[in-house]
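Down below is the structure, laid out as structure tokens.
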Amino acid sequence: MNKLCNRDELTALRHACAGALQLETKRILVCAGTGCVSSGSMKIFERLKTLLEGKNIPVSVELVHEPHGESVGLKECGCHGFCEMGPLVRIEPQGWLYTKTRLEDCEEIVERTILGGERIERLMFQKDGAVYPKQDEIPFYQKQTRVVLEHCGQIDATSIREYLGFGGYSAFETALFDRTPDDIIDEITKSNLRGRGGGGFPAGRKWAQVRRQTEPVKYVVCNGDEGDPGAFMDRSVMEGDPHRMLEGMMIAGLACGAAEGYIYVRAEYPLAVKRLRRAIAQAEELGLLGEHILGTDFNFMLHIARGAGAFVCGEGSALTASIEGKRGMPRVKPPRTVEHGLFDKPTVLNNVETFANVPLIINRGADWYRSIGPENSPGTKAFALTGNIVNTGLIEVPMGTTLREVIFDIGGGVRDGKAFKAVQIGGPSGGCLTSEDLDLPLDFDSLKKAGAMIGSGGLVVMDEDTCMVEVARFFMHFTQNESCGKCVPCREGTKRMLAILERIVEGKGEEGDIELLLELADTITATALCGLGKSAASPVVSTIRSFRDEYEAHIREKRCPAGSCQKLKRIWIDPALCKGCSKCAKSCPVNAISGQIKQPFSIDLSKCIRCESCISTCAFHAIREG
Amino acid sequence: MQPTFDYSAVDDILSLYGKKESNIIAILQDVQERYHYLPREVFPYLSGALGVSEARLYSVATFYENFSLEAKGRFVIRVCDGTACHVRKSIPILERLRKELGLSEANKTTADRGFTVETVSCLGACGLAPVITVNDQVYPAMTPDKASELITALRAQLAAESEGASA
Amino acid sequence: MEQRAFTTVDGIPVEINGEKNLLELIRKAGIKLPTFCYHSELSVYGACRMCMVETERGGLEAACSTPPKSGMVIKTNTERLRRYRKNILELLLANHCRDCTTCGNNGKCKLQDLAMRFNIEGVRFPNTAPQQQKDESSLCIARDSAKCILCGDCVRMCNEVQAVGAIDFAHRGSKMEISTAFCVPIAESPCVGCGQCAAVCPTGAIVVRDNANRVWRALDDRGVKVTAQIAPAVRVALGRELGLREGENSMGKIVAALHRMGFDEVYDTSTGADLTVLEESEELLAHLESGSDLPLFTSCCPAWVQFCEKTFPQLLPHVSTCRSPMEMFAAVIKEQEKTSSRTQFHVAVMPCTAKKFEAARDEFCVNGVPNVDAVITTQELIRMIKESGVVFEDLEPEALDMPFGVTSGAGVIFGVTGGVTEAVLRRLASDKSRGGLYASALTGVRGMKGVKEASVPYLDREVRIAIVSGLANADALVRKIIAGEAHYDFVEVMACPGGCVSGAGQPYSSSAAKAERGEGLYAVDRVSSVKRSEENSLVQALYGDVLKGRVHELLHVDYVKDGGHNA
């Protein structure tokens, strides 16, 4: 493909691509997100291709914009979000969604759906006896507002032409030809777009600060180091709609006067790296990246830096250090990243979702953007819904949607009919919210007030069987393991907090432990060097606040109310049922069971290792847990 | 005498990235991709080429979880212990894998270099929790029993490979 | 007129006068803010979090990394701050080996000092740190990770100021440690023994190796004749810890103290320096004449020589073949006393840790016996004096012994950066008047700057001179020279910033104090009757006597041949 030399050529290509899309009268979109790929979606893709070709049906796997006849489009698309039901296959123009598709279903899909235009109800989402043929009608999608993720699942994630056909790079075009850098920044500022990476700092203000710097060399950096366990929003955008993010970064470069950008992607996302590399190569080929873009004086290059496994690199200064080839240790501020960022130059650093919002704002305007969500946190937010929830997956809702709507309406409530206990929001830096908080609107300020944070948007739902002390221990273990080790409070403090939590879940907690945890938490929060350190203790503080009684039960009664802490399990013999056969005593590997034949036996808890081997040997079901 | 180390692969990587300090991580990643770990011989060589002290290279290599200074197994099994996988019981899977292979937290690779078992904080495939990966291929919705089956299958593959190699 | 700006520190308005951070400003206000990781000569690291201060609105800022602003109101000592500082100290102590009384840094440890200041009464956490082997592979420094608080001062010193890169952080989080590459013993790393890491280490994690016991043993042995040479920089750095003023010349008292402790004869290394001046001047002239192997680098500093051997071996032909003043002098003394009936034990008191390594080099051994039997640093001497019970400040000064107790001012200024060059310039100058002396001093050789340049006419040409101190400065300069971007005839290199007065064997002090020590040496020069090395009558006599026909054997060394392989 030739380089586009001016605006007209870009417009023409976009028209051609849109026209070519029209010729794909039927489209099969196979989800090629990490989730569905691991459930075998690529095999389904190949099978469909072979079947269609075998029947001499014209298939277009790649969008070509030269004139040609009608065809069936068969595309690898981005994550639909409904990972639980994968592999997912979307059928257009009907908008049907086939779930849990198997290889054996392919023949039928081609025969009945593509050739016959019929729907296969068996493959459609069903709930309470009702069949939901259309994707939009499925409760999981109904309450969502997918704008940032609008393309995910709808377009070929590997094709710049398809992105163009859907109107791609028009925001960049507008920004480049019809707006001044100040116009762009004004629009972003007016939209009140707040950084989606956690802090919620207004993007427009950040951009303006970078623009003001007199240093001629500046950088745009995209934080794709989505390290929060239980979060995969950014991954979906990078994999499913990489060009939108690129476009956002290009607009940022234009607005701030940067000619180079870096995308920092965590190493655990090989598919995202692949898709982004391809997207960059495509944009370079078309001359949308490079020098004298579309015949103007604007130059912009993008590079990918792969992370190497360090959660702390999600912190701005650690991330730039990592791109520079150093240990990812945060540095003291000031100077801030906007003044001295990457390679010591002024740097715009935003996360994936933030950049992906930018083309929308330029295209549809700040007023449109502010019409979604509350005044102070406008727009939508993507959340990863995971844990003990019926519908796990990726969702996008207007800011300010309540937790209840997200968990119960979209998420379908707690799995296996269990009771809702809490939801951890914001990952290891966030806090947990309980049933009392269910009507809390999800936005930056409300969550902060509630002692949690939106973070990057991971929502992990926990049911009644989840021990909150164990959850706190889990997060502390994570944070401790990921602490860079630079500042004393985080390095030493989290280690000590973890040791205390480990003692508590093992039944060795002592009176005063809760107070000591809170004291350490206070010191760490107040004195740690970076944002991650300052928030390291949040899961502990918030679980103590909401579930202090669980801590106390562990410490004082050596009991885990949720019954999940292995070391606190009590195994006992019901004397009413025990026949005194001694079978259990023989099965015990540590000789903890004793008694006289034909008399009820008993277990010495000081010896018992809770291996449970006695339970299965008892023919009379006399051995109980709890 | 130790056989002399062949640096031509390292030279290729260096020429791909350029001898710039800022490319240390990318260079180490490619070296690791080539050798499946970071051989010690590479450090003085890179130190000379990049003008960076060996201690600094070692410091970077030990900071990031993904770099390994020890040779890994043919199959690298990574058990996700992200929040979503954790609450859906990933630890029993890890324990089963370790038991099957006779490994522990300290001892991650089998003596025959067949398997390495590690944990990873999140693979971002939370919708399919709990997941594990084997050499970057994702296995969704795992259970301890499925893990055992997987090990059996991989062992068979390993045996077939070594037979093929000796034949 | 520029408006004056003030920050209010604990209710007192303190004027901002270019202080880069609040910590400096607070110090100016007379408050000793606790910190482990702040050093004005190193980059700001901000990791210990001890220097946090409270702002008016109750926010906390690390003073080391916050620039002072006009109108800022801060408090340095509040209930919260005290609580946090105590907690941080407790956390550090929890992992720390707490055998204070037997620690090499006992009494000088910042952790010990702050634990005392903040009245830490107990540690609520068990010490779970894994047992670690001490690294005593180096002759210069010893490392004990159990005492490391990971402030990173040594890493920044080794990399930023010295460009040696022997150590760095390894691993992360609670597994983080300071390490050589692959944890090899420090002696097998690029370490050059400059000891600056030990100088900035707030605890006993890196200490200078102590050889005092060997000296005591020799002193106790009646069959052994113990002689000593005292390096120039020692006399201006030792006094402060023993009741004198920083920079005050205490040579007379040192001689007296050593006599009291049982040393048979006490000499001044500046005599050796005079020999060096004469030899190095000759060498420079030869190089200038032939035009080959220029620039000529000095070789007085053993850390620099080793740095050269390890980093720039191709440069060794450019390094002066002159032995260091210590080694020249020791060779002469040992040679002269060869026929004595008593066993000779020669002690060098040095501001330097690398000298311990230099003394052990094969090149400076005769039949396997080193010419310098023991090198002790200024700090070790201070301890020995304290141990002996001699009340230093009450001592009456005594004179050097004979036959070698004759010195010149030129030899004394070797202890400060630029001193070697100035001494050589005095030798080379055709103008031997007092005016000529002043002229040499005014060429730009003086001052504590890390890189200095001078240009002096010699016969029909200009001799271009560079003077660098701090190995990072040397490294940068050498790279420029190799790249052909800089051209010099003579380059003086001292590994420690500011020269030997800042040696790692000296008591640790601020840069201002180091400058005072330098001034102290110039003051000694001013009152010395002999200003030029060639006018030292003893040195003149030596050439006609012990050195006759043996100048090369006793005063020179071939580093190229050995290539540092015995390092």
Side-chain angles (χ1 to χ4, degrees), chain A residues 308-313 317-318 326-336 339 476-500 502-503 510 512-513 515-530 532-534 536, chain C residues 20-21 35-38 43-54 58-67 69 80-81 83-96 111 123-129 149-152 155 159 168-178:
Chain A
F311 173 70
V312 64
C313 288
S317 59
K326 300 178 184 149
R327 289 165 67 86
M329 300 207 288
R331 62 158 173 75
V332 282
K333 272 147 255 161
R336 292 169 306 145
E339 298 158 346
M476 194 44 79
H477 177 79
F478 176 85
T479 311
Q480 209 276 322
N481 196 37
E482 295 294 342
S483 162
C484 81
K486 183 172 178 178
C487 77
V488 182
C490 176
R491 180 184 71 232
E492 304 296 337
T494 58
K495 182 168 99 180
R496 297 303 170 181
M497 286 184 77
L498 176 64
I500 296 168
E502 277 171 350
R503 270 202 288 115
E510 292 161 12
D513 275 350
E515 291 69 27
L516 188 52
L517 281 173
L518 290 172
E519 183 186 333
L520 285 169
D522 178 36
T523 299
I524 298 169
T525 309
T527 62
L529 192 157
C530 77
L532 296 177
K534 284 184 200 296
Chain C
K20 281 196 212 87
N21 52 58
T35 173
F36 289 111
C37 65
Y38 181 76
S43 67
V44 174
Y45 188 57
C48 76
R49 316 311 283 167
M50 286 296 288
C51 71
M52 297 205 96
V53 294
E54 204 169 324
L60 296 184
E61 305 281 358
C64 64
S65 55
T66 308
K69 276 194 220 119
R80 271 175 85 201
L81 290 171
R83 196 170 70 228
Y84 295 146
R85 286 174 188 155
K86 284 179 100 142
N87 260 340
I88 290 170
L89 284 169
E90 187 184 347
L91 286 168
L92 283 174
L93 285 166
N95 266 350
H96 197 84
L111 184 59
V123 175
R124 289 168 288 180
F125 315 104
N127 188 343
T128 49
I149 58 166
L150 297 168
C151 64
V155 171
N159 289 280
D168 211 314
F169 295 108
H171 307 285
R172 71 168 189 232
S174 59
K175 296 192 188 81
M176 188 157 91
E177 57 181 355
I178 308 290

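What you see is a predicted model; the values in this text were computed from it and never measured. Lettering of chains follows the sequences in order, A, B, ..., and the numbering in each one begins at 1.
C:L60 touches chain A through its side chain: at least one heavy atom from C-beta onward sits under 4.5 Å away, while N, CA, C and O do not. Looking at A:K495, the atoms closer than 4.5 Å to chain C (heavy atoms on both sides) all sit in the side chain, from C-beta outward. Both the backbone and the side chain of A:A310 come within contact range of chain C, judged by heavy atoms closer than 4.5 Å. Interface remark: C:Y45 contributes backbone and side-chain atoms alike to the contact with chain A (heavy atom separation under 4.5 Å). Only the backbone of C:A170 comes within less than 4.5 Å of a heavy atom in chain A; its side chain stays farther off.
For the set A:A499, A:P334, A:P335, A:G328, the count of heavy-atom pairs under 4.5 angstrom toward chain C peaks at A:P334. Among the candidates A:I524, A:L516, A:V312, the residue making the largest number of heavy-atom pairs closer than 4.5 Å to chain C is A:L516. Options C:A94, C:C64, C:C37 differ in how many heavy-atom pairs under 4.5 Å they form with chain A, and the most are formed by C:A94. Contact count against chain C (heavy-atom pairs under 4.5 Å) is highest for A:A528 among A:A528, A:C490, A:P330.
In plain terms, the two heavy atoms of A:Q480 and C:S174 that are nearest each other are NE2-OG, 2.8 Å. Heavy-atom minimum distance, A:P489 versus C:R49: CD-CG, 3.5 Å. Among all heavy-atom pairs drawn from A:R327 and C:R172, the shortest one is NH2-CA, 4.2 Å.
Within the 4.5 Å cutoff, no side-chain heavy atoms of A:E492 are placed close to those of C:N87. Contact check for C:R85 versus A:T523: no side-chain heavy atoms found under the 4.5 Å cut-off. Taking the side chain as every heavy atom from C-beta outward, A:R496 and C:P126 approach each other to under 4.5 Å. No side-chain heavy atom of C:I149 sits under 4.5 Å from any side-chain heavy atom of A:V488.
Residues passing the salt bridge (charged side-chain N to carboxylate O under 4.0 Å, His left out) test with C:E54 are C:R80, sequence neighbours excluded. For A:K333, the salt bridge (charged side-chain N to carboxylate O under 4.0 Å, His left out) criterion is met by A:E315, not counting sequence neighbours.
Here the straight-line distance linking atom CG of A:D522 with atom OH of C:Y84 works out to 3.5 Å at 0.5 Å rounding.
If you run side-chain contact (heavy atoms from CB on, under 4.5 Å) between A:R491 and each of C:N95, C:L92, C:L91, only C:L92 comes through.
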Exercise. side-chain contact (heavy atoms from CB on, under 4.5 Å) between C:E61 and A:V332: does it pass, once the steps are laid out?
Worked result: CA-CA 10 Å; C:E61 305 281 358; A:V332 282; over 6 Å; no

